[in-house]
Every structure is written in structure tokens, then in C-alpha cells.
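Reading through the C-alpha cells given below for one structure.
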Amino acid sequence: MRVAVPLCCAGSRDRAWIELDMAALGHNVRALQSLLPPGCQLMPAVKANAYGHGAIPITQELLRLGIRWFCVASVAEGIELRRRAIPGQILILGYTHPDQFPLLRRYRLTQAVVDAAYARQLNAYGKKLKVHVKIDTGMRRLGERADHLEALRQIFRCENLVVEGTFTHFCADETTSPADAAFTAAQAQAFYDTVAALEAEGFSCGKKHLLASYGLINYPQYAEDMVRIGIALYGVLSSRDPDLHCPIRLQPVLALKCRVASVRDLHDGEAAGYGLEYVAQGPRRLAALAIGYADGLPRALSCGVGRVLIHGQPAPVVGRICMDQTLVDVTGIPEVQGGDVAVVIGKDEDLEISAYDLAEQSGTITNEILSRLGRRLERIVV
Ligand SMILES: *Cc1c(COP(=O)(O)O)cnc(C)c1O
């Protein structure tokens, strides 16, 4: 029996949307798992709406693939998952305000301890809270300093903190240059020494984790109990690096597409878009696309920097990208008409535009391009 799908979740591809290739996600999970030592688990980072991909569809697919640990940035992100009935363990990597401590218990969330003063606040809440203790070994962002052993002891002595894990974060793991390798080895040593000292005193550190995506690729010897894997899961790394030795092939999970809203011809010398930035050199045909910077298309791609694919051919951005619309030059693609599909990230016949291309063209990394993709985009599983 066929059941009518309500319009709100019909995957209608009406304006601008994201297509999620779950086979690629499955491939990436298995490829990354092949790098783990026995007993080590992936703890996918599904923060920032799963790096823009959509936290709910991505997490649901990861559950089907057997994943049981997730990490997010904020209590609100953890609650979003629980409200959609996501089971398993959810670690909040970032700061949670004391006013929100009741939510940690109500939604069975595990909180990172960001320093000793914060541990005292968590403890003063007066009820048991599940935590992972973060140790700062060099990032100098979150975590109690590895050389503050007495402050760390105080964290572990907090009677209301149920310590289920201890972790650190590398900040120079994107390369294996001698300087980065030495810094990373020193971070790992500081972590192991501190954990050993605490365990020698009878404190239980729980599950240990040090690595994120680049760490797993460049320094898999530090995998321990869990690996917090973000960007690699989504099938790209932060930037293209010809020197990186990556032992696995990752497949991009996301494609970004939109509709052509309208096509029109310009006479020689006519301007288009805000600020009259673009002026037609000869007769040109422009298409208005139903996507803009509010959807996460970087405005830095304006004025010929970026391009999209339509009918398998490149169409450069002209003029300034608007909040909800973008103009492209389709003079060389005469068959384009309203309603056609433009590929912003992804493959179209023989050509492909990757998240790396957008990142390079706008002076950033793929993480930023992906995580800023707007809530307004539909997420469609293909
Ligand atoms: C986001 C984050 C990760 C995941 O990082 P990737 O480089 O995307 O794999 C891991 N650990 C911490 C603490 C993070 O904030």
C-alpha cells in the first residue's frame, strides 16, 4: 500500500537542498574503523548539525551502523538528539552553563569538565553527573592543565562527578612534520603521564581518548579507547594536502543543489546585481539561482570567484551573492531554463565541485563551509 508523504517531509527538492549519500557515510565509517586497534570505538562528532549535514539523519544512520557514542558541542545539541529518541552516550565537548545542569540529568548527557573551577560548579549542583575530564596538554583552550596534578586530583575527588572518561585534544596533528610530530608526541606523553599518576593514586580515569580525524590518520598509535571523529566521517578533510599520507579513501557524503529560478538575457553594457558590480561584456544570459549566503554559500564567491554546474557545465557566479539568490552566467549553456537544477557542491555528469573548491575559493577550510550550511536547506537522504 502506498502512503501519501506529507509535503513537509516529502524531500521535495523545491528550492535549495542537501543530498546525503548514506552509502558514502557507511564506507567512511568502515574505512575509519579499519584504522582502529581492537576494542577502540568511533565517537562521531555530530556537533554543528553534523557539520551541516543534518544531525538527525546522520546520527540515525550511524546508529544503524552500530555506533553508540556521539559527541556534540552544546547541551542544546544533545537535547535535540534525545528529543528525536537517539539512544547511546552523548558527550558535550563544550561549556554548559550551571543553570542548565538539570538538563544534563534529564537528557542523560555526559559533560566535559573544562577545568577544576568548573568541576567545583558541577559538583555543587549536588546530584550525580556523568563527566569526561578534559586535560589540557597544549591546545590551551579547554581542560585542566596536565601539570596541575593537585587541581586534577580535586576534580577526581568530587563526590558528585561520575568520571567515565578522560581525554585531551591535539592542536598540531594535521601534519607529521618534525615540529608537529614532536609537539604531538609531547602532548600524548603529558596525557599518559598524568593519567598514570592519577591511576597510581587510585583514581579511575575511565575511557581514554586523544584523537580527532587528523590524529587518527597521522598518529593512530594514540587511538586508546575512543576516537572523536568529525570531518573525516563526512568524507573530506579540512583542506587538500598533497603531502598528507592518508591510508584510506574517503567519500564525500554531501551534495548541495538548488533550482534555477529565472533566466534572462542582458544587452551589452547592462549591469546586474547589487552595486552594479557586474557589467555584461556583449550579450549575456544570466540565471538566478534559489540559493544565497543565508543558506551558507559564502559571499566571498561573488563576482566570478565561484561557479556552479548546470547540465554538466560550469556557470560562473556574476555580481554579488545575495542573501537568498545568486546570479550565474549561463551564456554557454543555452538549454538552461527555470526549474533546472544547479549543483553547488557535488558531481554533475563529468564535472565535480568539491567542498575543498569552495573552501579554497573563499579562504577557509571545508569544516567552516559545511558547518555553516543553513537550516533552511532541506536534508534529503538519497
Ligand atoms: C570537533 C571536535 C572533534 C572532531 O574533530 P575533527 O577534526 O572534525 O575530526 C574532536 N574533538 C574535539 C574536542 C572537538 O571539538
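In each ligand, atom 1 is the first atom listed, and ligand 1 is the first ligand listed. Residue numbers start at 1 and run along the sequence shown. Computed from heavy atoms alone, side chains included, the values below leave out hydrogens, waters and symmetry copies.
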Around atom CZ of Arg140, are there more than 12 heavy atoms from other residues, nucleotides or ligands closer than 6.0 Å?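 Yes.
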More than 12 foreign heavy atoms under 6.0 Å from CZ of Arg84: is that the case here?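 For Arg84, atom CZ is not crowded (no more than 12 foreign heavy atoms under 6.0 Å).
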If the condition is side chain to side chain contact (heavy atoms under 4.5 Å, CB included), which residues does Asp115 pass it with, not counting sequence neighbours?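 Here the qualifying residues are Ala117, Tyr118, Glu144.
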Quick one: does ligand 1 sit under 4.0 Å from the side chain of Arg228, the backbone, both or neither, non-hydrogen atoms only?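 For Arg228, backbone and side-chain atoms both sit under 4.0 Å from ligand 1.
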Taking all non-hydrogen atoms of both residues, which atom of Ala16 and which atom of Leu377 are closest, and how far apart?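 In terms of heavy atoms, the two residues are closest at CB-CD2, 3.6 Å.
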For atom 9 (O) of ligand 1, find the nearest protein heavy atom and state the residue, atom name and distance (0.1 Å precision).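 Sorting protein heavy atoms by distance from atom 9 (O) of ligand 1 puts Ser213 OG, 2.5 Å first.
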Provide the number and element of each atom of ligand 1 under 4.0 Å from a heavy atom of [X].
{"X": "Leu93", "result": "12 (C), 14 (C), 15 (O)"}
{"X": "Lys47", "result": "1 (C), 2 (C), 3 (C), 14 (C), 15 (O)"}
{"X": "Gly230", "result": "4 (C), 6 (P), 8 (O), 9 (O)"}
{"X": "Ile231", "result": "6 (P), 8 (O), 9 (O)"}
{"X": "Tyr51", "result": "1 (C), 4 (C), 5 (O), 6 (P), 8 (O)"}

Which class fits the ring pair Phe101 and Tyr125: parallel under 30°, tilted 30 to 60°, perpendicular over 60°?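 Aromatic pair Phe101/Tyr125 classed perpendicular.
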Taking the inter-plane angle between the rings of Phe170 and Tyr222 on a 0 to 90° scale, is it parallel (under 30°), tilted (30 to 60°) or perpendicular (over 60°)?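 The rings of Phe170 and Tyr222 stand perpendicular, inter-plane angle above 60°.
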Is any N or O atom of Tyr214, backbone or side chain, closer than 3.5 Å to an N or O atom of ligand 1?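 Tyr214 vs ligand 1: no N/O contact under 3.5 Å.
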May I ask you to check whether Ala45 has an N/O atom sitting below 3.5 Å from an N/O atom of ligand 1?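 No.
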Which option out of Met139, Glu174, His169, Lys134 puts a heavy atom nearest to atom 12 (C) of ligand 1?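 Ranked by closest heavy atom to atom 12 (C) of ligand 1, first place is His169.
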Sort and list the pairs that fulfil salt bridge (Lys or Arg N to Asp or Glu O under 4.0 Å) and have at least one residue in residues 330-354, not counting sequence neighbours.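 Residue pairs passing salt bridge (Lys or Arg N to Asp or Glu O under 4.0 Å), neighbours aside: none found.
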